[in-house]
Structures are given as structure tokens and as C-alpha cells.
There are 2 protein chains.
Amino acid sequence: MDGKIVNLRSKLEIYKAGSGGGNLADCPVRDVIQGISNKWSSLLMEALAEKPYRFGELRRLVPDISQRMLTQTLHDLQRDGYVHRQVFPTKPPSVEYSLTDLGRSMFGPLHQLIQWAELNHSAVREARKVFDAAEG
Amino acid sequence: MDGKIVNLRSKLEIYKAGSGGGNLADCPVRDVIQGISNKWSSLLMEALAEKPYRFGELRRLVPDISQRMLTQTLHDLQRDGYVHRQVFPTKPPSVEYSLTDLGRSMFGPLHQLIQWAELNHSAVREARKVFDAAEG
DNA sequence: AGTGCTGGTCTCTTTTTGAGACTAACATAT
DNA sequence: ATATGTTAGTCTCAAAAAGAGACCAGCACT
């Protein structure tokens with residue numbers, strides 16, 4: 001009964017923090033996916049995939065992101081190597097954000113998922129309606 | 001100067017809550033993507049894509065998810081129509097979770113993203129190291 | 001009678017997110 | 001000259017979400 005689970009573990013070992021004293025970074029999927037599974041990451045990636053944007057442009061483009069979260073999400077995307085941040089010494093200084101090669105590479109599969117979301121939005125909404133009707 | 005932004009808005013209108021009194025649900029991408037952009041959703045989807053699992057099996061498979069978040073994430077995935085929950089009247093009763101057709105459909109593109117993550121994990125880690133070295 | 005298994009819920013604490021005020025240096029308008 | 005707006009943020013405080021762990025009922029096994 002327990003042997004069943006042990007066998008499965010070998011395939012999904014990747015998800016665990018590592019039984020041999022490892023930490024989160026030992027799991028590639030969790031380490032990378034959680035970096036882009038934020039509320040705003042995919043949104044900003046989609047925007048920047050179209051063309052580079054400046055901070056204020058992004059803020060106006062996605063009006064309900066707080067300035068604080070915009071700063072932080074861009075910072076995190078930059079840290080993970082998806083986004084390049086370039087400061088222009090104008091007055092007042094302006095900052096342009098653009099995708100790196102790594103960012104464009106990652107956006108490929110992300111875009112597939114986004115397209116699925118657009119295509120299947122109604123199915124998901126219908127599922128929710130049915131579920132909510134069955135049990136409040 | 002402002003016309004630039006206005007033009008871009010037409011392409012990214014999809015991200016906004018809707019200027020005509022619409023709400024979040026009017027944006028398919030945000031509505032669907034945010035449902036699976038949780039800390040644990042992709043992890044559980046990956047597990048269930050392999051085969052159906054019972055509650056306790058999932059808990060042991062992903063040891064550092066709290067029981068509370070496992071319950072809640074499975075509930076949300078079920079509500080969005082990705083996961084089917086079946087109760088068996090054994091003693092004690094057991095509950096099996098499995099992917100629906102919609103869930104398997106969504107897992108296609110999600111799996112692509114996961115594969116990218118596995119493949120490019122080292123690149124992301126390297127980017128972080130460089131970034132952290134440059135500015136603490 | 002005691003222990004363990006099942007799939008959860010309830011409460012409490014910590015972490016994350018959101019709202020909004022505040023900054024500094026310069027440009028433009030009055 | 002003075003007021004106002006622009007830039008890209010930071011800082012503080014409140015609200016929401018997540019994590020830790022105790023607790024539950026019903027039954028099987030010892």
C-alpha cells in the first residue's frame with residue numbers, strides 16, 4: 001500500500017525539496033515556475049513581448065497594478081533574467097524595460113498557455129457556474 | 001506622446017478590467033491564468049496528469065504543502081473544471097482526484113512551460129547570481 | 001481501551017499584497 | 001517668481017493570503 005506511493009515518488013521527486021538536505025532550489029520546476037506564477041508576471045511579460053515599455057507606460061497600461069507591485073514584479077523579472085532595465089539620463093530620467101533573449105524564449109510556452117486561456121475562457125466560466133450552483 | 005500609449009492600449013485592452021464598467025471577468029487571460037498561477041496549482045496539475053491520486057497520497061507526494069492549502073487548491077482546481085473529485089464510500093471514506101478533459105487540455109500548454117523551466121533552470125539561476133552580485 | 005487511518009476544518013501567526021502618501025530634480029505654465 | 005506636472009520609485013500602514021498545527025468523527029486493528 002505504501003510501495004505504490006514510493007514508486008510514484010521517483011517520477012515526482014522533482015517536486016520535493018529534496019530528502020537529502022536539499023532546499024527549494026533543487027527543484028527546477030518550483031524554482032522557475034513560481035517566479036512567473038505571480039499575479040502580475042505573465043501580464044507584464046505579455047506587454048513587454050509586444051515592445052519595450054517605460055515604467056509609467058506599463059503603469060497606465062495595467063491600471064490596477066499598484067506602483068509598488070509594478071516595481072517589485074519588474075525587479076523580480078529582471079533578477080531572473082527575463083527583463084532588461086535600461087536607464088536613460090534624461091530629465092527627468094526615464095527607464096525602459098525590454099525582454100531579454102531568455103525572456104523571449106520563456107515567453108514562447110507562456111504564450112501558448114495564454115492562448116489556451118483566451119480560447120477556453122468560456123468553458124472555465126461555465127465550469128465555475130455549474131460548481132457554484134451545486135454547492136455554495 | 002500620449003497617442004503612443006493609446007494605440008498600444010488597443011492590443012493590450014484585454015488586460016484591463018474594462019473601461020466600460022466591466023469587471024475582472026471581462027479579461028479572459030487574467031481570469032483564467034490567475035486561477036492556475038498559484039503556488040501549488042501547477043504542481044498538483046503535474047501530479048494528477050500522471051495519474052489520479054487520493055488526498056493523502058498528494059499530501060505525501062508534496063510534503064511541504066500544508067493540508068489547508070492542499071484542500072483549497074484542489075477545491076479551486078475543481079471549481080474551474082480542471083479536476084474531478086470522486087468520493088468512495090469505504091471506511092474510512094477515500095477521495096480520489098483526477099484530471100477532467102478540460103484539465104488535460106490545459107495541461108498541454110502548461111507542460112510546455114514546465115519543460116522550459118526544467119531545461120532553462122541553470123540559466124535562470126545564473127541570471128540571479130549575476131544580478132545579486134551586481135546589486136545586493 | 002488505545003492507536004491509527006481517512007479527509008478534512010478551525011484558529012492563530014507570519015508573509016504577501018494593496019492603497020496611498022511622499023521624495024527630488026527638473027520642465028513648463030502662470 | 002511661484003505653482004504645477006513629470007519622472008521612477010520608496011515608505012508606511014491596512015488588508016488579504018498562506019503556513020503551522022490542533023482538532024474532529026467514524027471506523028479498523030490490537
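We name chains A, B, ... by the order of the sequence lines, and we start the count at 1 in each one.
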Enumerate the residues from residues 68-78 of chain A whose closest heavy atom to DNA chain D is under 4.0 Å, giving them by residue number; use none for an empty result.
A/Arg68, A/Thr71
Between [atom2] on [N] and [atom1] on [X], what's the gap in Å once rounded to a whole number?
X       : N      : atom1 : atom2 : value
A/Asp64 : C/dG18 : CG    : P     : 9 Å
B/Arg54 : C/dG7  : CZ    : C1'   : 9 Å
A/Phe55 : D/dT7  : CZ    : C1'   : 10 Å
B/Lys39 : C/dT17 : NZ    : P     : 10 Å
B/Asn38 : D/dG19 : CG    : C1'   : 15 Å
A/Phe88 : C/dA25 : CZ    : C1'   : 20 Å
B/Trp40 : D/dA18 : CH2   : P     : 11 Å
B/Gln86 : C/dG7  : CD    : C1'   : 15 Å

List for me each residue that meets side-chain hydrogen bond (donor to acceptor under 3.5 Å, both in side chains) alongside [X], sequence neighbours excluded, and say none if there are none.
X        : answer
A/Arg54  : none
A/Thr100 : none
B/Arg85  : B/Tyr97

B/Ser37 side-chain N/O to B/Ile33 backbone N/O, donor-acceptor pair under 3.5 Å:
yes
Counting only side-chain heavy atoms from C-beta out, which of D/dA8, D/dT7, C/dG7 sits nearest to A/Arg60?
D/dT7
Return a table of donor-acceptor pairs under 3.5 angstrom between the side chains of residues 68-78 of chain A and protein atoms on other chains or two or more places apart.
from	atom 1	to	atom 2	distance (Å)
A/Thr71	OG1	A/Gln67	O	2.9
A/Thr73	OG1	A/Met69	O	2.7

When you compare the protein's N or O atoms with those of nucleotides 25-30 of chain D, which come within less than 3.5 Å of each other, and at what distance?
none

When the nearest nucleotide of DNA chain C is assigned to A/Gln67 and to B/Arg59 on a heavy-atom basis, which residue is associated with the more 5' position?
B/Arg59
Exercise answer: donor-acceptor pairs, residues 102-109 of chain B side-chain atoms, under 3.5 Å, sequence neighbours excluded:
from	atom 1	to	atom 2	distance (Å)
B/Arg104	NH1	B/Leu99	O	3.2
B/Arg104	NH2	B/Asp101	OD1	3.0
B/Ser105	OG	A/Trp116	NE1	2.7

Residues at least two apart in sequence or cross-chain that pass salt bridge (Lys or Arg N to Asp or Glu O under 4.0 Å) with A/Lys129, listed by chain then number, are A/Glu126
Taking the basic N atoms (NZ, or NE/NH1/NH2) and the acidic carboxylate oxygens, is any pair closer than 4.0 Å for A/Asp64 and B/Arg30?
yes
Results of side-chain contact (heavy atoms from CB on, under 4.5 Å) for B/Ser122 - residues two or more places apart only:
none
Pick base, sugar-phosphate or nothing for A/Tyr97, based on heavy-atom distances below 4.0 Å to the nucleic acid.
sugar-phosphate
